[in-house]
Amino acid sequence: MNDWRIYRGVGQPHDGVRQLPPPPPWRDFAAAPDRPESGPDDPSSARRLGVRRRLVENYAPRPAEVDAVNAALYLRRPLLVTGNPGTGKSTLAYAVAHELGLGRVLRWPVVSRTTLQDGLYRYDAIGRLQDVQLERAQGATAAPAAAPSGIGSYVRLGPLGTALLPAEVPRVLLIDELDKSDLDLPNDLLNTLEEGEFAIPELERVADREPVVEVLTHDGRRVPVHGGRVACTAFPLIILTSNGERDFPAPLLRRCIQLELEPPGEEQLTAMVEAHLGGESVEQGRDLIDRFLDREPGEVVAADQLLNALFLTQHTPHAERLTSERIADLLMHPLDRSR
């Protein structure tokens with residue numbers, strides 16, 4: 001009898017891993033190289049929104065979500081989205097960018113060590129010094145500042161810095177899991193979010209000799225920076241997400257449109273399954289979907305846990321012999337329980 005298992009626990013090496021079927025669409029990292037442009041060829045967008053591209057049509061966001069996004073667009077204010085893991089906080093950024101044709105989403109994942117500098121730009125002073133020393137050792141006659149690459153070769157804008165570049169239409173910036181940051185970052189963001197600009201001191205110091213310097217952006221382009229300052233012309237749509245693990249200072253909340261996402265209901269969940277796995281998966285996986293919808297009040301189960309369970313039972317060869325209850329126990333474990 002055919003066996004769905006790749007790892008069998010037999011203790012003997014074998015080449016079974018070569019029999020792995022294609023990955024779930026939302027975990028297919030080899031679909032295409034990462035590109036700055038939007039559209040179905042952008043693998044990040046496809047993984048988030050569904051390869052069948054029906055999420056935008058069937059996403060069925062609640063009126064509060066639509067109103068909050070539009071308020072942020074009209075007022076040129078950041079949108080602070082809170083909610084449990086798996087409620088679609090990050091996906092909201094990709095859905096807006098896709099529908100409005102705003103290009104690839106700039107993503108800034110936040111961890112406890114993240115600083116404002118990480119989001120704005122990085123200057124590789126050590127790399128520049130090493131190149132200068134190498135040129136001198138090779139007997140180079142031209143000074144590094146006069147070389148074609150110049151100081152701009154050592155400056156790379158971060159996701160926030162890239163979002164603040166002058167543009168005709170706003171970019172979408174996802175600042176993901178801001179509640180994971182240290183205590184200083186929310187306050188450090190205030191001035192930049194309010195003014196929509198920042199300075200690059202390393203470029204300001206040479207502005208009299210190099211008034212325009214080309215630097216590398218977070219999404220791999222080269223753009224000019226004038227006078228060592230970056231100032232937006234169209235304030236980006238900045239979506240900050242939080243799992244609610246901490247409170248934010250009032251000055252940040254005052255500058256943001258606030259939205260709390262509820263767990264997806266049947267309409268949103270059906271659209272999500274259709275977008276990623278196709279309409280037939282809704283009927284075939286009705287028992288798993290019902291279990292997700294009938295979870296206990298306050299119980300935290302992420303929607304992608306359901307997608308994982310549906311994929312494993314419906315799209316893995318010979319795995320259909322696993323019962324839905326067994327798969328649910330394995331993959332749909334409540335996130336707010338240790339056991």
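In the displayed structure, D247 atom CG is contacted under 6.0 Å by at most 12 heavy atoms of other residues, nucleotides or ligands. Counting non-hydrogen atoms of other residues, nucleotides and ligands closer than 6.0 Å to CZ of R76 gives a total of 12 or fewer. The neighbour count for R113 CZ, taken as heavy atoms of other residues, nucleotides or ligands under 6.0 Å away, does not exceed 12. Other residues, nucleotides and ligands place no more than 12 heavy atoms under 6.0 Å from the CD atom of E266.
Smallest separation of non-hydrogen atoms from P264 and L293: O-CD2, 4.3 Å. Here the shortest heavy-atom pairing between E177 and V110 reads O-CB, 3.6 Å. Across all their heavy atoms, I238 and L193 have their closest contact at CD1-CD2, 3.6 Å. Considering all non-hydrogen atoms of both residues, G103 and A97 come closest at O-CB, 3.7 Å. When all heavy atoms of L269 and A303 are compared, the closest pair comes out as CD1-CB, 4.2 Å. What you find for G279 and E274 is that their closest heavy atoms are CA-CG, 3.8 Å.
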Test side-chain contact (heavy atoms from CB on, under 4.5 Å) on L190 and R255 and set out the steps.
CA-CA 8 Å; L190 296 180; R255 289 167 169 82; 3.9 Å; yes
E194 and R77: salt bridge (charged side-chain N to carboxylate O under 4.0 Å, His left out), yes or no, with the steps?
CA-CA 9 Å; E194 187 68 24; R77 289 292 186 182; 3.1 Å; yes
Please test L240 against L174 for side-chain contact (heavy atoms from CB on, under 4.5 Å), starting from the C-alpha separation and ending with a verdict.
CA-CA 6 Å; L240 309 99; L174 173 63; over 6 Å; no
Checking L116 against F198 for the side-chain contact (heavy atoms from CB on, under 4.5 Å) test, could you report, in this order, the C-alpha distance in whole Å, the side-chain angles of both residues, the deciding distance, and whether it holds?
CA-CA 11 Å; L116 176 62; F198 67 97; over 6 Å; no
Test side-chain contact (heavy atoms from CB on, under 4.5 Å) on L306 and I289 and set out the steps.
CA-CA 7 Å; L306 171 63; I289 295 175; 4.1 Å; yes
Carefully, step by step, assess R171 and D219 under the rule salt bridge (charged side-chain N to carboxylate O under 4.0 Å, His left out).
CA-CA 12 Å; R171 292 294 300 269; D219 51 4; 3.1 Å; yes
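Only one option out of L261, V300, N243 pairs with T87 in a side-chain contact (heavy atoms from CB on, under 4.5 Å); it is L261. Checking D67, V66, L73 one by one against V69, the side-chain contact (heavy atoms from CB on, under 4.5 Å) holds for a single residue, L73.
To the nearest 0.5 Å, atoms CG (L160) and CH2 (W108) are separated by 5.5 Å. In this structure, CZ in R295 is found 12.0 Å from CG in D290, a value given to the nearest 0.5 Å. In this structure, NZ in K180 is found 8.0 Å from OG1 in T241, a value given to the nearest 0.5 Å. Remark: L288 CG to N308 CG distance equals 11.5 Å, nearest 0.5 Å. The distance from the OG1 atom of T162 to the CG atom of L173 is 9.0 Å, given to the nearest 0.5 Å. Expressed to the nearest 0.5 Å, how far CD of E260 lies from CG of L80 amounts to 10.0 Å.
The closest side-chain heavy-atom distance from L307 to M272 is below 4.5 Å. Contact annotation: the side chain of L79 never approaches that of C256 to less than 4.5 Å [non-hydrogen atoms, C-beta and beyond]. Residues L120 and T192 meet the side-chain proximity criterion, which asks for heavy atoms closer than 4.5 Å. No side-chain heavy atom of V230 sits less than 4.5 Å from a side-chain heavy atom of E197.
Q314 and S281 share a side-chain donor-acceptor pair at under 3.5 Å. For the residue pair R246 and S181, a side-chain donor N or O sits within less than 3.5 Å of a side-chain acceptor on the partner. Side-chain contact of D176 with S90: a donor-acceptor pair under 3.5 Å is present, judged by distance alone.
Cluster membership check: L100 shares its hydrophobic cluster with V105, using side-chain heavy-atom separations under 4.5 Å among Ile, Leu, Val, Met, Phe, Trp and Tyr. Follow the hydrophobic side-chain contacts under 4.5 Å out from Y123 and you never reach L129; the two are in separate clusters. Under the 4.5 Å side-chain contact rule for hydrophobic residues, L216 and L157 do not share a cluster.
Proximity of a side-chain donor or acceptor of K89 to a complementary backbone N or O of G83 within less than 3.5 Å is detected. At distances below 3.5 Å, not a single donor-acceptor pair connects side-chain atoms of R107 with backbone N or O atoms of I175. Checked by atom type and distance alone, the side chain of D15 never pairs as donor or acceptor with a backbone atom of R18 at under 3.5 Å. Of the possible polar contacts, none joining the Q305 side chain to the A309 backbone as a donor-acceptor pair under 3.5 Å is found.
A salt bridge does not link R128 with E202: every distance from a Lys NZ or Arg NE/NH1/NH2 to an Asp or Glu carboxylate oxygen is 4.0 Å or more. A salt bridge is absent between E262 and R62; no separation between the charged side-chain nitrogens and carboxylate oxygens falls under 4.0 Å. The residues D329 and R291 are annotated as salt-bridged, a charged nitrogen and a carboxylate oxygen being separated by less than 4.0 angstrom.
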